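So the structure is just underneath, and the comments pick up after that.
This one's a predicted model, so the numbers in the text were calculated from it and none came from an experiment. In what follows, every chain begins at residue 1, and chains take the letters A, B, ... in the order their sequences are listed.
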Amino acid sequence: MTIDEQLKIIRRGTTEVIGEADIVDRIKKGQTLRVKLGVDPTAKDVTLGWAVVLRKLRDFQKLGHTACLIIGDFTAQIGDPSGKSKTRKQLTREDVLENVEAVTKQFYRILDPEKTVIYFNADWLGMMSFQDVIMLCSRYTVARILERDDFTKRLAENRPIAMHEILYPLCQGLDSVEIDSDVEIGGNDQKFNNLVGRTLMEQYGKPAQAVVLCPLLVGTDGKEKMSQSLGNYISITDTPNDMFGKTMSIPDEIIGNWFELCTDVPMEEVAEMLGEGKNPRDAKVRLAKEIVALYHSVEDADAAERYFIETFSKKVQPVDAEEVVIPSELVVEGMVNLPALIGGLGLAKSNGAAKDLITAGAVALDGEKVTEFRHELSALTGKVLKVGKHKFVKLIEG
RNA sequence: GGGGAGAUGCCCGAGUGGCCAAUGGGAACAGACUGUAAAUCUGUCAGCGAAAGCUUUCGCAGGUUCGAAUCCUGCUCUCCCCA
């Protein structure tokens, strides 16, 4: 593969490649690049948003390079201030370890384990003495740290910045020094931190890493960045049907962007699909199938499409709704209080919320809208309960 | 170290003794319309209860009062100005 072809792969779905010339040099010299990605173990699920940078890492692996994952078990206890207008809550060591375990398994759905090395940054950051920390701090200035726009903004808005937060970029930069990374991949919001890595590596007399920045994937709401705390996410472990359905719910404007960041479909083809006179819905169906195929299989993608058309486009009952047993304690003298059932099954936030849903006409039994709260047990069993647009369960007697 | 301001529901933000489970906006959820898109209209939005109603909420802990988000005391946290 020529250098240009390799660069085309590297550049897809990035906003900026800083130090690209260094990457080219090192590839020409035949080096196996050490490509760093910091992993913040604050979540249990790998979302499509997270997958963007993981897939970029995989691109490098495909070109023969080594992925260096830094598990931020130490830094997670500080909390990355990136994009946050508030001080993050600090995680306990147990939380971190639990998340790490859940998440590393999911990484290998994307990454090649043969070409992946995992580091824990507590191994070096946790060993530093206070004197080491002070020496580190002496290599950076307050003014430079405060250049960072989160900090600038917070200062301007009279919001607090805790001292430990300004150390976060330094910690992350030190990771790069420690593992001698050639390239660091990061989301756009990591630019500042990644650049600190470059500076720090030079300070320590090492060649500076290049930085590859990927845009942040917008969530299914089409507004905010995809994140687990906002609930606008698709997890790579979601079922094919969920993945498909959630993808179909994204606003039209972000379809192209999702193609670029979440699939390998050539951009020329994407432009074609989104051209004049084309129905964006068709592009979205293709997108949804591509995504399902990537994390499940082509067959699953086809099945998910069929399910989607049956259930939502034609509004037919799903055949394979999950079966759920009606808890016996909810049955009193043969009667069941439906709000309590819906609340109890977690289909609504609370019994009160379930009641509101029934009143709003959002609840149906075998396709028939329900208006009553109390029902005979016999009138419920064997029926498909629908709550809202896309929650279905089949009720079974306990 | 000195002086000043402030802490209200997911967020912003009204409310200064009873009419406050707390105005308004945003977010979210649901219904109609759709393409599980957008826009629009409507409804809901502390918990429990079929309901009457009950319980818990206005930084934290006490107190005054028949009655407190509102008054008093102490505490915690944050911001601003000066050093």
Of the options rC29(B), rU36(B), rA27(B), whose atoms approach the side-chain atoms of Phe308(A) most closely? rU36(B)
Rounding to an integer number of Å, can you tell me how far [X] [atom1] sits from [N] [atom2]?
{"X": "Lys246(A)", "N": "rA37(B)", "atom1": "NZ", "atom2": "C1'", "value": "17 Å"}
{"X": "Asn351(A)", "N": "rA50(B)", "atom1": "CG", "atom2": "P", "value": "8 Å"}
{"X": "Lys391(A)", "N": "rG31(B)", "atom1": "NZ", "atom2": "P", "value": "11 Å"}
{"X": "Asp221(A)", "N": "rC10(B)", "atom1": "CG", "atom2": "C1'", "value": "14 Å"}
{"X": "Leu274(A)", "N": "rA38(B)", "atom1": "CG", "atom2": "C1'", "value": "15 Å"}
{"X": "Ile254(A)", "N": "rU36(B)", "atom1": "CD1", "atom2": "P", "value": "16 Å"}
{"X": "Asp252(A)", "N": "rU34(B)", "atom1": "CG", "atom2": "P", "value": "17 Å"}
{"X": "His390(A)", "N": "rA30(B)", "atom1": "NE2", "atom2": "C1'", "value": "11 Å"}

Classify the side-chain pair [X]/[Y] by whether it contains a donor and acceptor separated by less than 3.5 Å.
{"X": "Ser176(A)", "Y": "Glu184(A)", "result": "yes"}
{"X": "Glu114(A)", "Y": "Gln61(A)", "result": "no"}
{"X": "Thr152(A)", "Y": "Asp149(A)", "result": "no"}
{"X": "Asn188(A)", "Y": "Thr15(A)", "result": "yes"}
{"X": "Asp300(A)", "Y": "Ser297(A)", "result": "yes"}

Can you list the other members of the hydrophobic cluster that holds Leu195(A), where links are side-chain heavy atoms under 4.5 angstrom apart? Ile18(A), Val211(A), Leu213(A)
RNA chain B in dot-bracket form (Watson-Crick or G-U pairs under 3.5 Å, [ ] crossing, | inter-strand) is ((((((((.[[[..)..(.....]]].(((((.......))))).(((....)))...[[[[[..)....]]]]]))))))).
Describe the nucleic acid contact of Gly361(A) in one word from base, sugar-phosphate, nothing, applying a heavy-atom distance below 4.0 Å. sugar-phosphate
Touch class at under 4.0 angstrom, heavy-atom based, for Ile255(A) against every strand present: nothing
Of all residues at least two apart in sequence or in a different chain, which pass the ring-ring contact (aromatic ring centres under 6.0 Å, His included) check with [X]?
{"X": "Phe107(A)", "result": "Trp50(A)"}
{"X": "Phe244(A)", "result": "Phe308(A)"}
{"X": "Trp258(A)", "result": "none"}

Pairwise [atom1] distance for [N] and [M], with rounding to whole Å:
{"N": "rU57(B)", "M": "rA68(B)", "atom1": "P", "value": "12 Å"}
{"N": "rC58(B)", "M": "rG17(B)", "atom1": "C1'", "value": "15 Å"}
{"N": "rA28(B)", "M": "rC45(B)", "atom1": "C1'", "value": "8 Å"}
{"N": "rC79(B)", "M": "rA27(B)", "atom1": "P", "value": "29 Å"}
{"N": "rG18(B)", "M": "rC33(B)", "atom1": "C1'", "value": "46 Å"}
{"N": "rA22(B)", "M": "rG9(B)", "atom1": "P", "value": "16 Å"}
{"N": "rC11(B)", "M": "rU23(B)", "atom1": "P", "value": "16 Å"}
{"N": "rA14(B)", "M": "rC60(B)", "atom1": "C1'", "value": "24 Å"}

Any carboxylate oxygen within less than 4.0 angstrom of a Lys/Arg side-chain nitrogen, looking at Lys223(A) and Asp221(A)?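 Here Lys223(A) does not pair with Asp221(A) in a salt bridge, since their nearest N and O are not under 4.0 Å apart.
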State whether Glu269(A) and Arg286(A) are salt-bridged, where the test is any N-O pair (Lys NZ or Arg NE/NH1/NH2 against Asp/Glu carboxylate O) under 4.0 Å.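 So Glu269(A) pairs with Arg286(A) through a salt bridge.
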Would you please confirm or rule out a distance under 4.0 Å between OP1 or OP2 of rG35(B) and any side-chain N or O of Lys389(A)?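 No.
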Side-chain N or O of Asn337(A) versus OP1/OP2 of rA50(B): is the shortest distance under 4.0 Å?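 Answer yes for this pair, as a side-chain N or O of Asn337(A) is under 4.0 Å from OP1 or OP2.
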Asp252(A): which residues meet the salt bridge (charged side-chain N to carboxylate O under 4.0 Å, His left out) condition with it, sequence neighbours left out? Lys284(A)
Holding to salt bridge (charged side-chain N to carboxylate O under 4.0 Å, His left out), I want the full list of residues that pass it with Asp264(A), two or more places apart in sequence or in another chain. Arg55(A), Arg58(A)
Pairwise 5' ranking along RNA chain B for Pro339(A) and Gly388(A), keeping only the more 5' one: Gly388(A)
Earlier contact from the 5' end, RNA chain B, for Ala353(A) and Glu253(A):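 Closer to the 5' end of RNA chain B: Glu253(A).
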Determine whether a donor-acceptor pair (N or O, by modelled atom type, separation under 3.5 Å) exists between the side chain of Thr141(A) and the backbone of Arg144(A). yes
Residues two or more places apart in sequence or in another chain: which of them pass side-chain hydrogen bond (donor to acceptor under 3.5 Å, both in side chains) with Ser181(A)?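 side-chain hydrogen bond (donor to acceptor under 3.5 Å, both in side chains) check on Ser181(A) returns Gln209(A).
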Please list, pair by pair, any protein nitrogen or oxygen found under 3.5 Å from a nitrogen or oxygen in nucleotides 51-55 of chain B.
{"residue": "rA51(B)", "atom": "OP2", "partner": "Lys355(A)", "partner atom": "NZ", "Å": "3.4"}

If two hydrophobic side chains count as joined below 4.5 Å and joins carry through other members, does Met335(A) share a cluster with Ile358(A)? no
Short heteroatom pairs, N/O only, protein and nucleotides 44-46 of chain B, under 3.5 Å:
{"residue": "rU44(B)", "atom": "O2'", "partner": "Asp356(A)", "partner atom": "OD2", "Å": "2.8"}

For residues Asp22(A) and Ala208(A), report the shortest heavy-atom separation together with the two atoms involved.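 Closest approach of Asp22(A) to Ala208(A): OD2-O, 4.5 Å.
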Please find the pair of heavy atoms, one from Thr263(A) and one from Arg12(A), that lie closest to each other, and give the distance. O-NH2, 3.0 Å
Would you jot down, in residue-number order, the residues of residues 275-291 of chain A having a non-hydrogen atom under 4.0 Å from RNA chain B?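 The answer is Arg281(A), Lys284(A).
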Sugar-phosphate or base contact per nucleotide [nucleotides 75-83 of chain B; S, B, -; heavy atom under 4.0 Å]: ---SSS---
